[in-house]
Amino acid sequence: MEAPRDRPYPVLDPDHSGVALTPDQRRAAAALRIGVESRAYGTTLLKGVTGSGKTEVYLEAVAETLRQGRQALVLLPEIALTGAFLARVEARFGAPAAEWHSGITQSERRRLWRQVAEGGASLVVGARSALFLPFRDLGLIVVDEEHDSSYKQEDGVLYNARDMAVLRASVEGAQVILASATPCLESWWNAEQGKYARLTLPARVGLALLPDLQAIDMRQEEMGRGNWISPTLAAAVAGRLERGEQALLFLNRRAMRR
Ligand SMILES: Nc1ncnc2c1ncn2[C@@H]1O[C@H](COP(=O)(O)OP(=O)(O)OP(=O)(O)O)[C@@H](O)[C@H]1O
């Protein structure tokens, strides 16, 4: 007897809602739609500053995949698998996507595994291991924040989900979209070589302004012995504190092992 947990996922409506895209977004979405329509393999690097509307654009490619009756997979770095993204997908397609990550229960896993194989799950949002699900007819893989180091599995079987996505898509006749504001060098090089198509969203949507950025060249700084904060940075922080404001310093948590 079929257990209730093995019921199919709700059907997503590719035309449920959507924002009016900007001309840059429209151009990028049209190129991605053509790729999906081809039902053939292809990889596109979708580059755009934070807030340039990359997600809206790749959701259009997901919509086209659904129209084609094929399945789509959106990979997110583990940490980004938040309710906010799932809520956004649900608002776009009128029903929730299937979720795959380490936090779901064993029975959900079983349900998803079976439904993916039977075609009862048309959109999966997941962490890197979702790449190994037995999709019946996979038409699109989106790797969001493709530069993120959490796509690298470093214990047991070593692999990078970004590369596996490209490999799987080439086997399945599917499209890959690598989305990032700061693509990794490997993807950039593949685009330069013409192996990947490249689409760029040059501007933020709406009135949002980019912050002022300044790179400090440490070779030009007069660093005291044992000091690792440059005088320029120290002065910038002090200036903010004097004005009663706050400052936040980020450190890279994951140092590359040598
Ligand atoms: N054409 C549009 N009209 C109105 N709002 C839009 C449009 N495109 C995107 N937005 C909104 O702008 C914000 C940023 O868009 P989106 O998340 O797609 O950008 P992004 O490039 O994917 O950002 P990130 O790099 O942070 O992932 C979102 O709140 C989104 O709903």
Side-chain angles (χ1 to χ4, degrees), residues 12-36 43-66 72-97 99-101 123-128 130 140-152 160-162 165 175-188 191 196-213 248 250 252-254:
L12 304 189
D13 174 6
D15 302 307
H16 178 74
S17 74
V19 293
L21 299 180
T22 64
D24 286 329
Q25 285 177 310
R26 267 208 303 277
R27 267 191 295 277
L32 294 176
R33 262 199 304 272
I34 290 170
V36 171
T43 296
T44 304
L45 178 61
L46 177 61
K47 179 181 179 292
V49 292
T50 301
S52 58
K54 296 183 291 298
T55 308
E56 290 305 329
V57 169
Y58 75 61
L59 289 180
E60 289 304 304
V62 171
E64 187 55 39
T65 309
L66 299 176
L73 167 63
V74 177
L75 291 180
L76 301 177
E78 185 92 40
I79 197 131
L81 274 177
T82 57
F85 184 84
L86 291 162
R88 189 165 171 188
V89 168
E90 184 168 352
R92 173 68 181 79
F93 298 116
E99 262 178 84
W100 179 269
H101 52 83
L123 172 58
V124 176
V125 175
R128 63 185 181 211
L140 175 69
I141 306 172
V142 177
V143 185
D144 201 356
E145 312 291 354
E146 63 97 34
H147 58 276
D148 197 288
S149 58
S150 65
Y151 285 124
K152 254 191 192 166
N160 188 312
R162 187 184 62 239
Q175 292 281 312
V176 179
I177 300 172
L178 305 176
S180 177
T182 51
C184 66
L185 280 176
E186 292 93 325
S187 299
W188 189 255
Y196 298 169
R198 181 165 47 200
L199 295 169
T200 304
L201 297 176
R204 283 193 158 180
V205 172
L207 295 174
L209 291 176
L210 281 174
D212 258 344
L213 291 177
L248 181 61
F250 276 116
N252 53 341
R253 185 173 55 87
R254 277 200 182 189

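Ligands are counted one by one from 1 in listed order, and the atoms in each one are counted from 1 as well. What's counted below: heavy atoms across the whole structure, side chains too, no hydrogens, waters or symmetry copies. What you see is a predicted model, and the numbers here were worked out from it, not measured in a lab.
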S.K.: Could an N or O of ligand 1 be found under 3.5 Å from any N or O of G53, whether backbone or side chain?
M.R.: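 Indeed, backbone or side chain, G53 has an N or O that close.
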S.K.: Would you call A20 a ligand 1 contact, heavy-atom distance under 4.0 Å?
M.R.: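 Yes, A20 has heavy atoms under 4.0 Å from ligand 1.
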S.K.: Give the minimum heavy-atom separation between T50 and R204, together with the two atoms involved.
M.R.: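 Shortest heavy-atom contact: O-NE, 2.6 Å.
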S.K.: Can you tell me if V49 contacts ligand 1 (heavy atom of the residue under 4.0 Å from the ligand)?
M.R.: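 Judged by the 4.0 Å heavy-atom criterion, V49 does count as contacting ligand 1.
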S.K.: Any idea which part of V19 is under 4.0 Å from ligand 1, heavy-atom wise: side chain, backbone, both or neither?
M.R.: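 Answer for V19: side chain.
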S.K.: Using a 4.0 Å heavy-atom cut-off, say whether S52 meets ligand 1 through its side chain, its backbone, both or neither.
M.R.: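 Near ligand 1, S52 shows its backbone as well as its side chain.
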S.K.: Which heavy atom of A161 sits nearest to which heavy atom of R128, and what is that distance?
M.R.: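 Result for this residue pair: CB-CB, 3.4 Å.
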S.K.: Compare every heavy atom of L123 with every heavy atom of L12, then report the nearest pair and how far apart it is.
M.R.: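 Looking at all heavy atoms of both residues, the shortest contact is CD1-CB, 3.5 Å.
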S.K.: State if G48 counts as touching ligand 1 under the rule of any non-hydrogen atom under 4.0 Å.
M.R.: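 Heavy atoms of G48 never come under 4.0 Å of ligand 1.
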S.K.: Please report the C-alpha distance between E60 and R92 in whole Å, then the side-chain angles of each, then the deciding distance to 0.1 Å, and finally whether the salt bridge (Lys or Arg N to Asp or Glu O under 4.0 Å) criterion is met.
M.R.: CA-CA 10 Å; E60 289 304 304; R92 173 68 181 79; 2.9 Å; yes
S.K.: Write out the residue and atom name of the closest protein heavy atom to atom 22 (O) of ligand 1, then the distance separating them to 0.1 Å.
M.R.: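 Going by distance alone, atom 22 (O) of ligand 1 is nearest to T55 OG1, 2.6 Å.
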S.K.: Pick one: which of D15, L59, D13 meets side chain to side chain contact (heavy atoms under 4.5 Å, CB included) with F93?
M.R.: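 Exactly one option meets the side chain to side chain contact (heavy atoms under 4.5 Å, CB included) with F93, and it is L59.
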S.K.: Checking contacts now, so for atom 11 (C) of ligand 1, which I'm interested in, is there any protein heavy atom under 4.0 Å?
M.R.: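 Under the 4.0 Å cut-off, atom 11 (C) of ligand 1 has no protein heavy-atom neighbours at all.
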S.K.: Can you name the atoms of ligand 1, numbered from 1 with element, that are less than 4.0 Å from a heavy atom of E145?
M.R.: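 Under 4.0 Å from E145, ligand 1 has these atoms: 27 (O).
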S.K.: Check if R204 has a non-hydrogen atom at a distance under 4.0 Å from any atom of ligand 1.
M.R.: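 For ligand 1, residue contact (heavy atoms, under 4.0 Å) with R204 is absent.
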S.K.: Which of these, K54, R92, K47, E56, has its nearest heavy atom closest to atom 24 (P) of ligand 1?
M.R.: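 Of the listed residues, K54 has the closest heavy atom.
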S.K.: How far is atom 8 (N) of ligand 1 from the closest protein heavy atom, and which atom is that?
M.R.: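 Checking every protein heavy atom, the shortest distance to atom 8 (N) of ligand 1 gives Q25 NE2, 3.0 Å.
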S.K.: Atom 30 (C) of ligand 1: which protein heavy atom is closest, and how many Å away?
M.R.: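 Heavy-atom neighbour on the protein nearest atom 30 (C) of ligand 1: R88 NH2, 3.6 Å.
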S.K.: Quick one: side-chain hydrogen bond (donor to acceptor under 3.5 Å, both in side chains) partners of R162, sequence neighbours excluded?
M.R.: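 Per chain and number, R162 pairs via side-chain hydrogen bond (donor to acceptor under 3.5 Å, both in side chains) with no residue.
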S.K.: Of the protein's non-hydrogen atoms, which lies at the shortest distance from atom 26 (O) of ligand 1, and what is that distance?
M.R.: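 The closest one turns out to be T50 CG2, 3.2 Å.
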S.K.: What protein heavy atom is closest to atom 5 (N) of ligand 1, reported as residue, atom name and distance in Å?
M.R.: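 In this structure, atom 5 (N) of ligand 1 has V205 CG1, 3.9 Å as its nearest protein heavy atom.
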S.K.: Is the closest side-chain donor-acceptor distance between S150 and D148 under 3.5 Å?
M.R.: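 Yes, because at least one side-chain N or O of S150 sits under 3.5 Å from a partner of the opposite role on D148.
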S.K.: Under the criterion salt bridge (Lys or Arg N to Asp or Glu O under 4.0 Å), I'd like the reasoning laid out for R88 against E56: C-alpha separation, chi angles, the key distance, then a yes or no.
M.R.: CA-CA 10 Å; R88 189 165 171 188; E56 290 305 329; 2.9 Å; yes
S.K.: Tell me, which protein residue and heavy-atom name are nearest atom 23 (O) of ligand 1, and how many Å apart are they?
M.R.: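 The protein heavy atom lying closest is G51 N, 3.1 Å.
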S.K.: If you look at every heavy atom in P183 and L45, which pair is closest and at what distance?
M.R.: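 Minimum heavy-atom separation between P183 and L45: CB-CD1, 4.0 Å.
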S.K.: Looking at every non-hydrogen atom in both residues, tell me the closest pair between D144 and P77 and how far apart they are.
M.R.: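 Taking every non-hydrogen atom into account, O-CD, 3.6 Å.
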